[in-house]
Amino acid sequence: MSVEKKVFDSAKQAIEKLYSVEILDSQIQIGKTKKDFEGDLTLVVFPLLRISKKGAEQTAEEIGAKMLEDTSIFENFNVVKGFLNFSIKTSVWLSQFNKWLNTSKFGYAKNDTDKTLMVEYSSPNTNKPLHLGHLRNNFLGYSVAEILKANGHNVIKTQIVNDRGIHICKSMLAWKMFGNGETPQSSGLKGDHLIGKYYVAFDKAFKKEVANLIANGMEAKEAEKSTKILAQAQEMLQKWEAEDEEVRALWKTMNGWVYEGFETTYKNMGVDFDALYYESETYLVGKKVVEEGLEKGVFYKKEDNSVWCDLSHEKFDDKLLLRGDGTSVYMTQDIGTALLRYKDYPNLSGLIYTVGNEQNHHFKVLFAILKKLGYDWASGCYHLSYGMVELPEGKMKSREGTVVDADDLMESLTNDAKNAATERGRIEEMSTQEKEELFRTIGMGGLKYFLLKVDPKKKMMFNPQESIELNGNTGPFVQYTYARTQSIINTEPNFSKTINETIILEPIEKEVLKIIAEFPSAIKEAGENYSPALIANFVYELAKSYNSFYQSVSIFKEEDKAKKTFRIALSYQVGNVIKNALSLLGIKAPQQM
RNA sequence: GCCUCCGUAGUUCAAUGGAUAGAACAAGAGUUUCCUAAACUUUAGAUGCAAGUUCGAUUCUUGCCGGAGGCACCA
């Protein structure tokens with residue numbers, strides 16, 4: 001049982017005895033004591049004044065005295081206004097510490113195998129390479145999946161590959177028109193970048209044609225609808241839907257190039273998937289469901305043959321599900337994808353969509369439609385909505401060339417890490433290969449931490465000019481702290497994992513223990529809130545306090561053997577917790593740097 | 001027009017309705033005969049404005065000001 005839980009139980013018992021009432025757990029507020037006050041844990045007594053019918057200080061004194069009398073874990077207590085601060089006996093902390101030392105995967109919840117969650121992330125379009133926004137998405141989705149696993153759930157990582165549609169045809173058409181048979185091999189370009197080049201080329205040609213039409217006296221809106229090149233792309237889409245052999249063959253080839261490129265990028269990112277879904281397959285399921293829904297009267301048809309869902313009871317506008325010509329829209333595909341997933345995994349108790357907050361409305365509507373179709377599992381669907389990554393000049397727009405490319409950014413950070421490590425690192429005796437690995441570990445650690453330390457719900461700013469900081473509240477700072485702990489362990493690998501519980505601790509040592517103690521609740525809260533940022537905040541606090549300890553306390557020069565052993569064991573435990581916390585963020589912890 | 005979200009030091013981020021609003025970067029001042037100075041210590045600096053609810057408000061409510069996103073036969 002954790003110290004906090006012990007205090008909680010003690011407080012509850014004391015209050016119920018003192019005032020002869022039963023109280024709710026929510027009325028007992030216990031938190032860490034703020035650092036300017038004396039004590040370890042604090043009970044806020046304000047909510048209890050109605051029960052005690054006494055002043056704040058008097059109530060606090062009464063409860064404190066009772067708890068001290070009934071429970072043996074307290075050293076003493078003090079009262080400041082309505083705050084009851086407890087000092088916990090050092091031996092209690094050390095006894096906890098001994099338990100942690102001998103627990104594998106300290107902080108992780110037990111695996112309850114009956115709960116399986118699916119986490120969707122990434123889900124790119126196959127017409128252009130991945131960018132900074134995708135990085136936030138991927139790191140977030142991957143990390144949330146790891147955090148949910150640490151909370152004892154089974155997790156299936158998935159994505160929906162948006163491999164069909166007009167945007168794909170645009171790249172294909174431009175390649176046919178301007179490509180002269182260029183391939184990744186012939187051009188030396190990564191497949192996804194090659195396709196992205198033709199997506200941009202399409203847009204250029206399209207804009208040029210529009211400009212010509214306007215110059216010849218056409219209205220702007222009219223001109224945008226009248227270009228030959230767009231008509232050709234639409235024709236290509238129709239051929240694709242009709243399974244025209246030539247179009248399908250080209251589509252397969254070009255998508256193949258993109259997948260090859262993506263594979264490299266995902267590998268560099270360190271993310272992976274357990275199950276893939278392709279829009280080219282799921283949209284057909286969606287169409288079928290919509291047609292069935294129409295027969296059952298869940299949806300309705302307009303005069304022009306288009307199919308709609310009435311959502312007035314949810315106060316949404318009606319939603320189009322099939323166009324007049326029978327083709328599907330985004331929503332149709334999403335219905336099909338969800339359905340297919342629950343068909344493939346009937347035991348899913350939740351489906352988490354990691355998608356940007358610009359689609360908040362889309363997902364509300366999707367879930368409402370699924371409910372209307374009568375699927376009970378719809379209530380387990382959750383939109384993990386995250387904020388956009390913004391640049392100083394505003395939002396990234398791929399067609400305006402203001403995107404930060406994922407491959408470029410990862411490479412540039414690895415390079416920054418290389419410069420920093422060559423200058424400051426302890427890497428002389430490493431092989432070239434080990435060095436390369438380390439640079440990547442540090443660079444990616446910096447990038448991932450940067451994107452994950454911010455509350456996912458909030459938008460965040462990225463300034464390419466300033467690049468990503470490697471000092472301060474950063475991934476490499478935490479990684480460095482880990483390397484320090486490993487250096488200690490390597491000096492004395494055979495230390496005892498049983499600590500004498502009667503030793504006297506320095507305040508900073510107790511502080512480190514208190515932070516370690518919070519790891520289990522950090523994992524729990526991060527899981528409940530789908531927030532890797534909580535893990536990042538936690539591990540930063542831990543690293544900071546350990547560094548402070550490291551600076552002010554000598555380990556190997558300590559003459560008291562019991563204390564020395566404790567300090568080595570503390571380093572060991574801090575190292576373990578840092579390593580595990582970082583792994584929840586998808587970040588590697590280097591042995592030395 | 002309607003709806004949703006966001007405004008915290010110069011900048012980027014924290015703070016289950018709780019104590020004197022925390023960090024980092026940038027700025028200033030220090031710490032290497034000692035286990036990794038990618039570290040540590042330290043100074044200065046902030047809740048958009050106005051009301052309300054509360055013992056207590058960055059947090060809840062309302063209004064205003066400022067910013068972002070959404071409401072498509074786009075994905």
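Chain identifiers are assigned alphabetically (A, B, ...) following the order of the sequence lines, protein sequences preceding nucleic acid strands; residue numbering begins at 1 within each chain.
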Please work out if [X] contacts a base, only the sugar-phosphate, or nothing of the nucleic acid, heavy-atom cut-off 4.0 Å.
X: A:I442; answer: base
X: A:N125; answer: sugar-phosphate
X: A:N85; answer: base

I need the [atom1]-[atom2] distance between [X] and [N], as an integer number of Å.
X: A:L322; N: B:rA72; atom1: CG; atom2: C1'; result: 16 Å
X: A:I578; N: B:rA38; atom1: CD1; atom2: P; result: 16 Å
X: A:Y449; N: B:rA38; atom1: OH; atom2: C1'; result: 14 Å
X: A:F477; N: B:rA38; atom1: CZ; atom2: P; result: 12 Å
X: A:E393; N: B:rG67; atom1: CD; atom2: C1'; result: 16 Å

Would you say the side chains of A:T42 and A:N85 form a donor-acceptor pair under 3.5 Å?
-> yes
Proximal nucleotide (of [options]) relative to the [X] side chain:
X: A:D317; options: B:rG70, B:rC71, B:rA19; value: B:rC71
X: A:K35; options: B:rA38, B:rA23, B:rG70; value: B:rA23
X: A:T42; options: B:rA19, B:rC25, B:rA75; value: B:rA19

Relative to A:Y283, does A:R164 satisfy both conditions: NZ or CZ under 6.0 angstrom from the six-membered ring centre, and within 45 degrees of the ring's axis?
-> yes
Report yes or no: is the cationic atom of A:K302 (NZ for Lys, CZ for Arg) closer than 6.0 Å to the six-membered ring centre of A:W308, at no more than 45° off its axis?
-> yes
Which residue pairs pass the ring-ring contact (aromatic ring centres under 6.0 Å, His included) test when at least one of the two sits in residues 549-568 of chain A, sequence neighbours left out?
-> A:F97-A:F566, A:Y546-A:F549
Hey, does the side chain of A:R164 come within less than 4.0 Å of B:rA75's phosphate (OP1/OP2), counting only N and O?
-> no
Could you walk me through whether A:F538 and A:F519 pass the ring-ring contact (aromatic ring centres under 6.0 Å, His included) test, one step at a time?
-> CA-CA 7 Å; A:F538 164 81; A:F519 190 39; 5.2 Å; yes
Under 3.5 Å, is there a donor-acceptor pair between the side chain of A:T227 and the main chain of A:A223?
-> no
Contact string for nucleotides 2-18 of chain B, one letter per nucleotide 5' to 3', B = base within protein heavy-atom range under 4.0 Å, S = sugar-phosphate only, - = neither, reads -----S----SSS-B-B
With B for base contact, S for sugar-phosphate-only contact and - for none (protein heavy atoms under 4.0 Å), nucleotides 41-47 of chain B reads S------
For nucleotides 35-37 of chain B, give me every protein contact, N/O to N/O, under 3.5 Å, one pair per line with atom names.
unit_1: B:rC35; atom_1: O2; unit_2: A:I555; atom_2: N; d: 3.4
unit_1: B:rC35; atom_1: O2; unit_2: A:F556; atom_2: N; d: 3.1
unit_1: B:rC35; atom_1: N3; unit_2: A:I555; atom_2: N; d: 3.1
unit_1: B:rC35; atom_1: N4; unit_2: A:Y550; atom_2: O; d: 2.6
unit_1: B:rC35; atom_1: N4; unit_2: A:V553; atom_2: O; d: 2.5
unit_1: B:rU36; atom_1: OP1; unit_2: A:S487; atom_2: OG; d: 2.4
unit_1: B:rU36; atom_1: OP2; unit_2: A:R426; atom_2: NH1; d: 2.7
unit_1: B:rU36; atom_1: OP2; unit_2: A:R426; atom_2: NH2; d: 3.0
unit_1: B:rU36; atom_1: OP2; unit_2: A:S487; atom_2: OG; d: 3.4
unit_1: B:rU36; atom_1: O5'; unit_2: A:Y550; atom_2: OH; d: 3.4
unit_1: B:rU36; atom_1: O4'; unit_2: A:R426; atom_2: NH2; d: 2.7
unit_1: B:rU36; atom_1: O2'; unit_2: A:Y480; atom_2: OH; d: 2.3
unit_1: B:rU36; atom_1: O2'; unit_2: A:R484; atom_2: NE; d: 2.9
unit_1: B:rU36; atom_1: N3; unit_2: A:M593; atom_2: O; d: 3.1
unit_1: B:rU36; atom_1: O4; unit_2: A:M593; atom_2: N; d: 3.3
unit_1: B:rA37; atom_1: OP2; unit_2: A:R484; atom_2: NH2; d: 2.4

For RNA chain B, just give me the dot-bracket, please: Watson-Crick or G-U, both distances below 3.5 Å, ( ) intra-strand, [ ] crossing earlier pairs, | paired with another strand, . unpaired.
-> (((((((..((((....[...)))).(((((.......)))))....(((((..]....))))))))))))....
By side-chain hydrogen bond (donor to acceptor under 3.5 Å, both in side chains), which residues pair with A:D310, not counting sequence neighbours?
-> A:S312
